[in-house]
Amino acid sequence: MEPFDIRNSFDLTGKTAAVTGGAGVLCRSMCHALASAGANVAVLDLDETAARQVAESIRTNGGRALAVPCNVLERSSIEQACQAVLAEFGRVDILVNGAGGNSPKATTNPQQAFFDLPTDALRWVFDLNLVGTILPCQVFGKVMVEQKTGIILNISSMNALRPLTRIPAYSAAKAGVSNFTQWLAVHMAQEYSTDIRVNAIAPGFFLTEQNRFLLTEKESGELTSRGMSILAHTPMNRFGVPDDLLGTLLWLVSPASAFVTGVVVPVDGGFSAFSGV
């Protein structure tokens with residue numbers, strides 16, 4: 001057996017990565033990290049202008065990147081995006097399912113009881129997070145089956161491990177993402193190829209546009225009581241920043257994790273380990 005080569009184990013040179021939600025707060029950092037590791041990066045996002053900005057930034061720094069409009073809730077849009085990636089780079093080695101988010105309309109508060117949450121708002125959150133993960137896996141996963149190799153990385157959430165108050169749809173949808181990750185890992189390995197791996201990252205608490213309304217006051221920017229409670233239950237006593245996800249990202253999409261599939265890795269500053277006592 002050859003000795004472990006740490007330099008090449010994280011090298012993604014020649015690989016192609018497609019990232020849904022690639023223009024978002026967390027995923028744009030992932031796109032840059034993938035490019036820095038040598039990968040060609042397809043930035044898929046509903047906001048094509050934002051995707052172009054991320055791709056241009058990568059190219060400015062010497063990487064190869066393509067901006068592709070993509071609606072993860074429409075299979076035809078995903079198929080068109082996949083074809084665009086294949087036309088540009090010839091293959092897809094890595095899929096990062098980063099599209100997701102919550103809605104204030106699906107969130108309980110003193111003015112909106114759980115019993116009154118609108119069905120369409122609940123369905124939108126379920127669809128965006130769960131269906132918006134499954135559909136890209138179907139489209140890009142089929143390409144990986146034809147290649148007999150590939151890596152899928154889903155983005156779950158701390159809510160999947162420990163459901164939080166006020167956000168029932170988001171918590172349940174992300175629990176579904178974690179469950180689906182494990183199911184797909186087994187399915188791909190048993191039915192198609194042991195060289196197709198599926199894993200997930202479960203971020204702890206990162207300030208994004210989707211959750212800022214819950215964690216900070218709109219006018220002052222000060223922490224809400226919920227934000228303060230989260231920090232009190234996070235042993236590292238801070239919110240995550242996008243770069244905190246990148247080490248785990250690069251490990252899970254590189255040869256360094258060749259025998260890892262079906263896992264959901266918390267990146268949470270210790271939140272999931274802390275009992276509160």
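Heads up: numbering here begins at 1 and tracks the sequence.
Between E56 and R52 there is no salt bridge, since no side-chain nitrogen of the basic residue lies less than 4.0 Å from a carboxylate oxygen of the acidic one. Using a cut-off of 4.0 Å between Lys/Arg side-chain N and Asp/Glu carboxylate O, R75 and E79 are scored as salt-bridged. Using a cut-off of 4.0 Å between Lys/Arg side-chain N and Asp/Glu carboxylate O, R238 and D244 are scored as salt-bridged.
Of all heavy-atom pairs spanning D93 and K15, the tightest one is OD2-CA, 3.3 Å. The two residues A33 and L250 make their nearest non-hydrogen contact at O-CD2, 4.0 Å.
Defined by atom type and a distance below 3.5 Å, a donor-acceptor pair is present between the side-chain atoms of S257 and R197. N40 and T16 form a side-chain donor-acceptor contact under 3.5 Å, judged by distance and modelled atom types alone. Checking N97 against T133 by side-chain atom types alone, no donor-acceptor pair falls below 3.5 Å. Side-chain N/O atoms of R226 and T165 include a donor and acceptor closer than 3.5 Å.
Of the possible donor and acceptor atoms, none in the side chain of E222 sits under 3.5 Å from a partner among the backbone N and O of T216. The main-chain N or O of A50 is found under 3.5 Å from a side-chain atom of D47 such that the two form a donor-acceptor pair. Using a distance-only test at 3.5 Å, with no hydrogens or angles considered, a donor-acceptor pair links the side chain of N109 to the main chain of Q112.
Linking Ile, Leu, Val, Met, Phe, Trp and Tyr whenever their side-chain heavy atoms come within less than 4.5 Å leaves V19 and L46 in two separate clusters. Both L161 and V125 belong to a single network of hydrophobic side chains, linked directly or stepwise wherever heavy atoms of I, L, V, M, F, W or Y lie under 4.5 Å apart.
Geometrically, R162 engages F271 in a cation-pi contact defined by less than 6.0 Å to the ring centre and at most 45° from the axis.
The only member of V263, N154, I155, I201 that meets side-chain contact (heavy atoms from CB on, under 4.5 Å) when paired with T181 is N154.
How far CD of Q182 is from OG of S156: 9.5 Å, rounded to the nearest 0.5 Å.
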